[in-house]
2 protein chains.
Amino acid sequence: MARPRRSPISNPLDAFDLAILKVLQRDNRTSQRVIGDHVNLSAPAVQRRIRRMEGEGVIQANVAVVDPARVGQGLTIIVMVQMENESVELVDKAKREFSEDPNVQQCYYVTGPADFALVVSVEDMADYEEITRRLFFTNGNVKRFETLVVMDRVKVSLQVPINVPG
Amino acid sequence: MARPRRSPISNPLDAFDLAILKVLQRDNRTSQRVIGDHVNLSAPAVQRRIRRMEGEGVIQANVAVVDPARVGQGLTIIVMVQMENESVELVDKAKREFSEDPNVQQCYYVTGPADFALVVSVEDMADYEEITRRLFFTNGNVKRFETLVVMDRVKVSLQVPINVPG
DNA sequence: ATTGAAAATATAGGCGA
DNA sequence: TCGCCTATATTTTCAAT
């Protein structure tokens, strides 16, 4: 079950699209009328562009960002994981296992000294210890992992820099 | 300008709140009526709770998640930064500088071998080189930094695991 | 592809329990 | 605080340009 190597074919985004995305990335509850005023387009025009971009996967999701501390997940950990065997099969298996874990907020497959960088959201250290057991010690293919405890979530977003031409 | 060490005082979240958050974290365009059906609450009740949680900062933002590749930011880099001097002033200065950079999507202040872990979104390696210049070489207080090139954004979210009691 | 108007939906606010 | 009811606003669809 390979994911598409590249994004599906679609019209390139124009300046209007980029301007709309820039707004929605910050606040996706901005009304289409307000966005329209801002980018000089009618509200329905804005709407059709949003729908198109959602369909094309340019907009991948619309989500509320929740403060982890307020739902009992006050500890963030970054884990650098090095695998024993880097065969495609085993790496894919690891990707799946990491992804499926609800405490793993982010998982990146990277070059360099580590193979994976994970961002993990947990209640406390005991909770994290539990997760390392589940994710790393049981795995068998994890050579070593390094735990970086987050003292300050200085900036946490999924925002992408967007330059609107014109 | 210190940020509050803890979240502002507020009523603890009940099972309804958590259930609502769980939905909104996945799709914040779910209508209040549908959420209400799901959690067994009227739509206005759902609305009041959402507004309260937004006011209290439990819900920090409502955002669209954009595919970076589709807006010309196809390269993600993770950077582990080690500082020369870890004095509060200099660390705070670094926090500010990293945060303000639009290419820095995430910035964590961490314990361990590195002081900061950054997730950076860039167009290409040339773009990244530019940013390292701006962020690290100019800084003066950066002892060393390690670049991890992301080959696969296996899982990228800000979702927090929420367990709804009952 | 855009506009403008009409219809359907969603959200906001008031009120009694 | 809830649920119901009503008012406002927003999103959506459609006809026309």
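Below, chain A is the first sequence line, B the second, and so on; all start at residue 1. Note that the coordinates shown come from a computational prediction; the quantities given were computed from them, not determined experimentally. Just the heavy atoms: all of them, side chains too, but no hydrogens, waters or symmetry mates, feed the values below.
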Review point. Relative to the ring of B:Phe145, is the ring of B:Phe137 parallel (under 30°), tilted (30 to 60°) or perpendicular (over 60°)?
Key: perpendicular

Restricting to nitrogen or oxygen on both sides, can you table the protein-nucleotides 7-11 of chain C pairs closer than 3.5 Å?
unit_1: C:dT11; atom_1: OP2; unit_2: B:Gln32; atom_2: N; d: 2.9

Check your understanding: Is there a path of hydrophobic side-chain contacts, each under 4.5 Å between heavy atoms of I, L, V, M, F, W or Y residues, that connects B:Ile59 with B:Leu13?
Key -> yes

Check your understanding: Just how far, in rounded Å, is P of C:dA1 from CG of A:Asn40?
Key -> 18 Å

Exercise for review: Could you tell me whether B:Arg49 contacts a base, only the sugar-phosphate backbone, or nothing, with contacts defined as non-hydrogen atoms closer than 4.0 Å?
Suggested key: sugar-phosphate

Exercise for review: Establish whether B:Ile162 and B:Leu41 are linked, either directly or via other cluster members, by ILVMFWY side-chain heavy-atom contacts under 4.5 Å.
Suggested key: yes

Review point. Looking only at heavy atoms, what is the nearest atom pair of A:Asp14 and A:Phe16, with distance?
Key: OD1-N, 3.0 Å

Check your understanding: Is there a side-chain polar atom (N or O) of A:Arg48 under 4.0 Å from OP1 or OP2 of C:dA1?
Key -> no

Exercise for review: For the residue pair B:Phe98 and B:Phe116, categorise the inter-ring angle as parallel (less than 30°), tilted (30 to 60°) or perpendicular (more than 60°).
Suggested key: perpendicular

Point to revise | Contact summary for B:Val160 and B:Gln25, nearest pair of heavy atoms | key: N-OE1, 2.5 Å

Identify each donor-acceptor pair in which a side-chain atom of residues 79-87 of chain A lies under 3.5 Å from a protein atom, sequence neighbours left out, and give them as a table.
unit_1: A:Asn85; atom_1: OD1; unit_2: A:Ser87; atom_2: N; d: 2.7
unit_1: A:Asn85; atom_1: OD1; unit_2: A:Ser87; atom_2: OG; d: 3.4
unit_1: A:Ser87; atom_1: OG; unit_2: A:Leu90; atom_2: N; d: 3.4

**Study point:** Interatomic distance, A:Phe16 CZ vs C:dT2 C1' [rounded to whole Å]
**Key:** 11 Å

Review point. Rounding to a whole Å, what distance do you find between B:Leu41:CG and D:dT1:C1'?
Key: 10 Å

**Study point:** DNA chain C contacts among residues 18-25 of chain B, heavy-atom distance under 4.0 Å
**Key:** none

Revision key, fill the gap. Among D:dC2, D:dC4, C:dT3, the one nearest any side-chain atom of B:Pro44 is D:dC4

Review point. For B:Ile35 and D:dG3, what is the distance between atoms CD1 and P respectively, to the nearest whole Å?
Key: 14 Å

**Study point:** From A:Arg48, A:Arg52, A:Arg51, A:Lys22, residue fulfilling salt bridge (charged side-chain N to carboxylate O under 4.0 Å, His left out) relative to A:Asp17
**Key:** A:Arg52

